[in-house]
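First up is the structure itself, then whatever we jot down about it.
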Number of protein chains: 2
Amino acid sequence: MTELFVCQGPDEIPRWRAAFDEARLVTPQQARAQAGSGDGVWVMSNLAGWQGLVSLLAARGATVKVLSYMPSSREALRAMNAGARGYGHALSAPELLRQMALVTRHQGIWVPPELLAQVMGGAYRALGGESQHQDETLSGLTDRERAVALAVAEGQSNKEVARRLEITERTVKAHLGAIFRKLGVRDRLQLILRLSQREAV
Amino acid sequence: MTELFVCQGPDEIPRWRAAFDEARLVTPQQARAQAGSGDGVWVMSNLAGWQGLVSLLAARGATVKVLSYMPSSREALRAMNAGARGYGHALSAPELLRQMALVTRHQGIWVPPELLAQVMGGAYRALGGESQHQDETLSGLTDRERAVALAVAEGQSNKEVARRLEITERTVKAHLGAIFRKLGVRDRLQLILRLSQREAV
DNA sequence: AGGAATATTGTACTGTTGGGCAGGGCAGCG
DNA sequence: CGCTGCCCTGCCCAACAGTACAATATTCCT
C-alpha cells in the first residue's frame, strides 16, 4: 500500500519516510495525475487550493489525510468537509502517522484527541440544540406515536411505516392523527419541517 | 481484548458473538461495576440514560461504541458528545463491528459512511462554513423548477405554490414532476429531506 | 367496579398528489 | 424555417393522505 505525500519541494519531512517504507513525495500536479482509488494520500494544508485537491482525490476513491503545521478545529472541519478522513500535525511521530493510516484505511476518521472535543462539540451545538428541541417536541407523544413520527420524519409512507411497525395502515393513520393534534401541525410535511427545525412558513 | 455489550435481555444479537470470540453481554448495572480502562464497550441507544453511561465509561478510559436500531446523525452526535468513539447500526455485520473495534482502539472515530457527510456537514456549518450543498442540488434545475422546489421545501402545498407563483396547480405539478425526475426522488417528502439534507437514512 | 389512556382495526368519505396524454406560446439556434 | 428547450395549461385517473364515526382490547389508576 503506497502512501503519497502531496507537498511543495521544501516541505519534505523525514518522519514521513520513517513512517512508511513506500512513502512517495509528489507535487499537487502529480497527485492529480496519479492518485486513484484505494491510494493513501496525504495533503499539506499549506498548499494553495488544497481543499479542491482533497475533494477531487476523495471523489476518486482515495483515502485522503490532511497534514497541517498549525492544526485547528476549524481547519480540521474544512478538511473533513472536503472529504478527508484524517487530519493531524505535519510533524506527527511516525507511529502516529501509521495509526492514522490504519484507522482511515478502515473507514474510520482520525482527528487529534485534543481537537476531537472541539470538533464534536461544534457539531453537537449545531445539531444538538435542535435535537434537544426535537426531544421536547416528541416528549408529549406516546411510545407508539413517537415511533410513527420518527419513521414519517424519514420520509416513509403510511404503508412503509405500517410494515416497519407491523400494524395496519389504518393504525398508522390513527397515530398520525394524534400526532398532528398534539403538535399542532396540519400534515406530515409540517411534521417533517418541525422535526428538522426549518422555517415553517 | 474482551468486548462488553451493554443491553437489556431481549436485545441480544447473535452477530455480536459472531464478531468477537470474547463478547460478553452485560446489563447497564454490571457495566458500571465492571468496565474500566482499556475495555471495549458497546452501548445500545435504546437503554434509558445511555448517554450518562457512555460518559461514565468513557471518562474511566473505556473505548465506547454506541449501537442503534435507528441510526441518525443527531444520535451519532449525541453519542460522540457523550464520549463515544464509534456509532453504528445494532445489526451491523460482524466484519463491520470488528472494523469499528479496530478503528476505535487506535484512537479513531467510526461513523457509518452515509452519516459521515451529515455529521461533518453539520459541524462545518456550525463553525461558520458555507453550505453549498443545496445550491449544488438545485443547480441542475431551471429557474422555475428551482422556485417551485424551494416553495415546496417550505412545506407549501401545490395550491399554495400555485398562488405564490401565479400559475395553475397543474403547472406546479408539471414542474414538480421534472424536479423529481432530475433529482431522482420519488415525492415531495424525499425532496424536502434532500434539500435539508438531514436524517434521510 | 368504573374511568381514562393507549393501542388496535374497520368502513367510508374528502382532498391532495403524482402523472399520462394532449396541447398552446415564446425564445434561441443552425 | 424547422428544431429544441422552457413555460404554461386542460382533462382525467390511480394512489395516497387525512379524518369522521365507529368498535374492541389492555393497562393503570381511583
Side-chain angles (χ1 to χ4, degrees), chain A residues 134-196 198 200-201, chain B residues 8-10 46 48 69-70 134-196 198-201:
Chain A
Q134 188 183 71
D135 287 347
E136 283 172 29
T137 300
L138 296 178
S139 66
L141 306 180
T142 66
D143 289 346
R144 226 43 183 156
E145 288 162 359
R146 206 173 303 122
V148 171
L150 289 174
V152 168
E154 288 175 14
Q156 304 208 341
S157 68
N158 288 343
K159 198 169 295 190
E160 288 167 331
V161 177
R163 262 199 296 274
R164 178 195 280 202
L165 299 183
E166 295 184 312
I167 53 182
T168 63
E169 203 176 329
R170 178 64 190 85
T171 308
V172 174
K173 289 183 177 182
H175 288 311
L176 264 179
I179 293 168
F180 296 154
R181 186 171 39 77
K182 288 182 178 177
L183 300 187
V185 296
R186 70 162 187 252
D187 56 28
R188 62 209 299 119
L189 271 301
Q190 303 298 324
L191 174 64
I192 289 185
L193 293 173
R194 170 77 72 92
L195 292 184
S196 54
R198 297 180 74 258
V201 178
Chain B
Q8 299 294 2
N46 61 355
Y69 283 121
M70 291 177 58
Q134 198 178 78
D135 290 344
E136 285 173 26
T137 300
L138 297 177
S139 66
L141 306 180
T142 66
D143 289 346
R144 234 28 189 161
E145 287 163 359
R146 206 173 303 119
V148 171
L150 288 174
V152 167
E154 288 177 11
Q156 304 208 342
S157 68
N158 289 343
K159 199 169 298 190
E160 288 167 332
V161 177
R163 262 199 299 274
R164 176 196 280 200
L165 299 184
E166 294 184 311
I167 54 182
T168 63
E169 206 176 326
R170 181 66 190 87
T171 308
V172 174
K173 289 180 181 181
H175 288 311
L176 263 180
I179 293 167
F180 296 155
R181 187 170 40 75
K182 288 181 178 177
L183 299 186
V185 295
R186 71 160 187 254
D187 56 30
R188 64 211 295 121
L189 273 301
Q190 302 297 326
L191 174 64
I192 290 182
L193 293 173
R194 170 78 72 94
L195 291 183
S196 53
R198 302 264 164 95
E199 309 297 54
V201 177

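Here is the naming used below: chain letters follow the sequence lines, and residue numbers restart at 1 for every chain.
Checked against salt bridge (Lys or Arg N to Asp or Glu O under 4.0 Å), B:R163 has no partners two or more places apart in sequence or in another chain. Remark: B:K182 pairs with B:E145 by the salt bridge (Lys or Arg N to Asp or Glu O under 4.0 Å) rule, at least two apart or across chains. Annotation: side chain to side chain contact (heavy atoms under 4.5 Å, CB included) contacts of A:A151 (sequence neighbours excluded): A:Q156, A:V161, A:R164.
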Under 3.5 Å, which protein N or O atoms sit close to an N or O of nucleotides 19-26 of chain C? Give each pair with its distance.
{"residue": "C:dG20", "atom": "O6", "partner": "B:R170", "partner atom": "NE", "Å": "2.8"}
{"residue": "C:dG20", "atom": "O6", "partner": "B:R170", "partner atom": "NH2", "Å": "2.6"}
{"residue": "C:dC21", "atom": "N4", "partner": "B:R170", "partner atom": "NH2", "Å": "3.2"}

Protein-nucleic acid N or O pairs under 3.5 Å, nucleotides 26-30 of chain D:
none

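With distances taken from any side-chain atom of A:T171 to the nucleotides C:dG10, C:dT8, C:dT17, the minimum falls on C:dT8. If you check D:dC7, C:dT17, D:dT9 against the side chain of B:E169, the one that comes closest is C:dT17. In this structure, the nucleotide among C:dT9, D:dC7, C:dA7 sitting nearest to the side chain of A:I167 is C:dT9. Checked against C:dG18, D:dT9, C:dT8, the side chain of B:D187 finds its nearest nucleotide in C:dG18.
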Would you be so kind as to tabulate the donor-acceptor pairs closer than 3.5 Å made by side chains of residues 166-178 of chain A, with sequence neighbours excluded?
{"residue": "A:T168", "atom": "OG1", "partner": "A:T171", "partner atom": "N", "Å": "3.4"}
{"residue": "A:T168", "atom": "OG1", "partner": "A:T171", "partner atom": "OG1", "Å": "3.0"}

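Taking side-chain N and O atoms only, A:H175 has no distance below 4.0 Å to OP1 or OP2 of C:dT6.
B:K159 places its NZ atom 9 Å from the P atom of C:dG15, with the value rounded to the nearest Å.
A salt bridge is defined here as a Lys NZ or Arg NE, NH1 or NH2 lying under 4.0 Å from an Asp or Glu carboxylate O, and B:R186 with A:E160 meets this definition.
Axis angle across the helix from C:dA1-D:dT30 to C:dG30-D:dC1, with five pairs used at each end and values rounded to 10°: 30°.
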